[in-house]
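Just the heavy atoms: all of them, side chains too, but no hydrogens, waters or symmetry mates, feed the values below. Below, read A as the first sequence line, B as the second, and so on, with proteins coming before strands; counting in each chain starts at 1.
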Amino acid sequence: MIDYFLTEEEQMIKELARKIAEEKIIPKREYYDETQEFPWDIVKVMAESDLFRIFIPEEYEGLGGGVMALTLAVEELSRGCAGIALAFAGTALGTFPIILFGNEEQKKKYLPRVASGEVVAFALTEADAGSDAGNIKTRAIKDGDHYVLNGTKQFITNGGEAGIYVVIALTNPEKGARGASAFIVEKGTPGFSFGKKENKLGIRASATRELIFQDCRVPAENLLGKEGMGFIIAMKTFDYSRPGVAAQALGIAQAAIEEAARYAKQRVQFGVPIANFQAIQHMLADMAMKLEAARALTYQVARNIDKGNTKIAKESAMVKCLASDVAMEAALNAVQIFGGYGYMKEYPVEKLLRDAKITQIYEGTNQIMRNIIASQLLKEVR
Amino acid sequence: MNIVVCIKQVPDTQDVKMDPERGTLIREGVKSIVNPFDLYAIEEGLRIKERMGKGRVVVMTMGPPQAEDALREAIAMGADHGILISDRAFAGADTLATSYTLAKSIEKLGSPWIIICGKQAMDGDTAQVGPELATWLNFPQITYVSKIIDMGDDRIKVERLTDYGYDIVESSLPCVITVNKEINEPRLPSLRGMMKAKKFKAEVWDSSSVEVDRRYIGLDGSPTRVVSIFAPPVKKGGEKYHGEPDELARHIARKLEEIKII
Ligand SMILES: Cc1cc2nc3c(=O)[nH]c(=O)nc-3n(C[C@H](O)[C@H](O)[C@H](O)COP(=O)(O)OP(=O)(O)OC[C@H]3O[C@@H](n4cnc5c(N)ncnc54)[C@H](O)[C@@H]3O)c2cc1C
Ligand SMILES: Cc1cc2nc3c(=O)[nH]c(=O)nc-3n(C[C@H](O)[C@H](O)[C@H](O)COP(=O)(O)OP(=O)(O)OC[C@H]3O[C@@H](n4cnc5c(N)ncnc54)[C@H](O)[C@@H]3O)c2cc1C
């Protein structure tokens with residue numbers, strides 16, 4: 001094992017997250033994958049063990065751990081089940097805008113609630129605005145000391161289950177992307193309801209749902225930052241949250257390698273364990289190499305962010321893209337190594353394959369990640 | 001008021017092997033854990049404190065210096081304080097000497113509200129320490145508690161699981177209860193607890209700080225001796241029959257007749 005020189009606290013977080021994965025998540029992941037119920041019992045365990053505190057600053061009842069701590073936790077939880085882990089990782093995604101751009105009152109009001117386990121969601125995507133997020137249509141019109149929201153968000157992680165939502169809406173449509181703003185909207189606000197809940201290929205323990213705003217009056221004090229900052233907030237949020245997606249991918253890849261190696265040692269064909277075949281060994285070797293490389297880069301970027309490096313859009317995109325591609329390949333290879341058994345639900349690797357796919361899609365598709373990396377690179381090179 | 005939880009550090013039986021020649025457990029290199037039943041005892045102690053909004057959860061263990069790790073685990077779960085009862089003079093104790101030493105330590109601690117033990121230890125397995133502890137302290141005892149129905153400052157009402165069903169029992173407090181695995185689901189440690197545990201140093205009591213009569217402690221205070229231990233013979237796998245249902249039914253009926261069960 002490579003020593004990543006984790007601090008004592010980081011080591012503790014990793015150990016605890018693994019314990020939760022082993023004792024609470026793994027025994028129930030099949031159930032939640034099957035039923036698509038939201039894993040409230042496990043979320044409660046995570047909250048009681050202080051996991052939601054790790055990325056919250058200490059002033060707001062958190063433990064001040066930052067992106068590295070988050071990465072370690074999400075990786076270990078995802079090794080158990082990426083869908084269940086997403087209740088937690090999605091909460092971090094939704095909370096970053098408040099941590100990064102919230103004013104004192106907003107932080108005081110919301111962060112302690114998250115610290116004690118309230119689930120959060122982040123809502124940008126709409127039917128006609130995925131990769132092209134600038135094409136959102138949801139409006140927020142100022143009316144006295146409120147904003148009135150109208151529109152529909154789709155594919156929102158933790159939708160319906162979260163208590164707190166950060167919603168990107170246009171306050172000034174003429175200005176396009178520069179006319180967007182970010183709002184904190186609480187569940188239960190009149191005019192805010194939930195639509196279709198998606199039936200998904202993977203991460204089925206995660207709730208993915210439509211948010212519907214119909215003349216929803218949000219207090220003006222819930223505006224994050226200033227009017228017009230919506231996209232800056234969203235992009236900065238992704239810089240912080242993409243290592244979390246990478247972490248999810250690392251966890252999936254780790255599980256794929258462990259399962260595949262264990263199986264290869266047990267499965268006998270032609271009178272020998274299939275692990276004796278070089279074709280299998282090389283697959284495992286490739287999986288292991290790529291995973292470790294992705295992990296090393298992810299941790300390093302996470303540490304950079306925690307050290308205050310703010311020019312990280314390219315690097316965050318890199319880890320998200322690299323780790324998710326590695327996870328996809330590792331999961332595919334794991335199924336291949338399991339052969340026909342790998343295709344069956346009785347074995348854990350088909351789920352890894354279904355779960356891995358999403359990490360290449362959300363928080364920006366890997367095509368978009370490559371766009372970001374290349375455009376930054378081309379700017380840097382003269 | 002102290003909610004006292006007695007815990008024992010035991011070898012993780014998943015790893016433990018026996019030395020067949022010497023009839024002892026091979027303890028080298030074996031991970032130590034908190035006796036599984038005692039995790040339920042700790043959890044119940046914490047729940048009493050949370051439910052009643054008062055009390056101090058004090059975990060106690062008698063054992064070698066490394067038993068401090070067991071206390072640390074309890075601290076990580078949320079226990080307020082941990083006491084390690086440790087001295088060469090206590091070594092070699094059987095259940096009687098163990099319970100005597102624990103009783104004297106609880107007397108030294110003072111103001112017990114309730115004393116919670118696990119149903120039994122995974123290694124010694126006698127289930128004697130709890131009842132003996134109550135006897136030394138002259139407190140009532142309720143064993144195999146599966147639920148605390150009601151509790152006040154000086155009375156407790158519980159459900160206990162027995163071979164014949166459930167008993168509902170009331171007692172005055174303080175008393176000693178031993179708990180089984182039906183009573184709760186132990187929580188995982190919390191990060192804040194783990195950080196506290198990292199810094200935790202147990203209060204260590206030895207044979208001079210606890211007021212004991214030396215005739216009752218350690219090997220000398222132990223009337224029982226383990227003469228030998230051995231693993232029971234492994235059960236055979238049984239017989240498997242394959243075939244059509246009615247043919248199998250006839251076959252099994254014949255077998256049962258043969259061994260005079262029907
Ligand atoms: C399970 C799940 C959970 C989600 N959770 C959230 C959430 O919590 N909050 C939220 O706001 N959103 C969420 N999303 C939305 C997600 O971020 C989008 O689905 C994603 O950004 C892609 O958008 P799209 O689906 O509209 O695909 P499209 O943008 O329509 O993309 C289709 C294809 O075209 C490619 N493409 C598009 N533009 C370009 C380009 N310029 N160059 C090259 N290729 C391009 C894409 O890479 C992709 O392959 C979630 C989605 C899913 C499936
Ligand atoms: C391998 C082995 C060798 C032994 N050798 C000897 C020997 O040579 N001579 C001898 O006299 N005895 C010997 N013993 C017995 C040993 O002293 C007992 O294990 C001990 O007294 C506790 O009894 P028990 O394990 O049956 O606990 P139980 O009575 O089954 O435990 C019930 C509960 O009592 C509490 N408890 C038990 N022990 C402690 C403790 N130390 N501190 C705090 N709480 C406790 C816990 O709450 C526990 O759940 C040996 C035991 C083993 C396993």
Side-chain angles (χ1 to χ4, degrees), chain A residues 6-28 39-66 68-74 76-77 80 84-85 88 92 112 114-117, chain B residues 7 9-10 12-15 31-53 57 59 66 68-80 82 118 122 181-201:
Chain A
L6 301 185
T7 64
E8 226 171 53
E9 282 181 19
E10 288 167 351
Q11 193 60 45
M12 256 182 225
I13 288 166
K14 191 173 157 68
E15 266 169 40
L16 180 67
R18 175 162 291 223
K19 208 173 160 76
I20 293 172
E22 291 286 336
E23 291 178 22
K24 307 290 174 184
I25 294 179
I26 290 175
K28 298 197 81 172
W40 274 116
D41 59 337
I42 297 170
V43 169
K44 189 163 165 272
V45 168
M46 293 181 197
E48 282 170 356
S49 57
D50 293 334
L51 223 51
F52 282 83
R53 292 181 199 280
I54 63 175
F55 55 89
I56 306 282
E58 279 168 298
E59 308 91 276
Y60 308 103
E61 299 177 23
L63 295 167
M68 183 63 190
L70 183 68
T71 298
L72 291 168
V74 172
E76 287 297 342
L77 297 174
I84 294 173
F88 173 70
V114 182
S116 63
Chain B
I7 68 173
Q9 193 180 45
V10 297
D12 190 345
T13 44
Q14 283 170 355
D15 312 331
K31 204 172 79 187
S32 289
I33 58 169
V34 174
N35 176 40
F37 280 107
D38 299 352
L39 294 175
Y40 295 79
I42 297 166
E43 175 66 33
E44 203 55 29
L46 296 172
R47 288 190 187 188
I48 289 171
K49 179 183 166 177
E50 285 162 3
R51 189 160 6 115
M52 308 294 283
V57 179
V59 277
Q66 61 267 30
E68 191 180 31
D69 288 342
L71 298 176
R72 200 164 275 132
E73 216 172 296
I75 298 290
M77 285 172 73
D80 297 301
M122 202 172 63
K181 291 188 179 181
E182 287 217 330
I183 193 161
N184 57 45
E185 192 186 335
R187 69 195 64 189
L188 293 176
S190 71
L191 276 170
R192 286 182 297 181
M194 285 164 85
M195 286 171 189
K196 200 174 147 207
K198 205 93 201 183
K199 293 189 209 113
F200 168 78
K201 278 249 135 283

Exercise. Enumerate by number any residue of residues 40-49 of chain A whose heavy atoms lie under 4.5 Å from heavy atoms of chain B; in the absence of such residues, state 'none'.
Key: A:Val45, A:Glu48, A:Ser49
Quiz item: Should the heavy atoms of other residues, nucleotides or ligands under 6.0 Å from CD of A:Glu10 be counted, would the total exceed 12?
Solution: yes
Quiz item: Residue by residue, which of residues 54-65 of chain A have a heavy atom closer than 4.5 Å to a heavy atom belonging to chain B?
Solution: A:Ile54, A:Leu63
Practice problem: Apply side-chain contact (heavy atoms from CB on, under 4.5 Å) to A:Ser116 and list each qualifying residue two or more places apart in sequence or on a separate chain. | Solution: A:Arg53
Self-check item: A:Leu16 CG to B:Leu191 CG distance, which is reported to the nearest 0.5 Å
Solution: 5.0 Å
Quiz item: Which residue pairs pass the side-chain hydrogen bond (donor to acceptor under 3.5 Å, both in side chains) test when at least one of the two sits in residues 192-201 of chain B, sequence neighbours left out?
Solution: A:Asp50-B:Arg192
Quiz item: Taking all atoms of both residues into account, what is the closest heavy-atom pair of B:Met195 and A:Met12, and its distance?
Solution: CG-SD, 3.8 Å
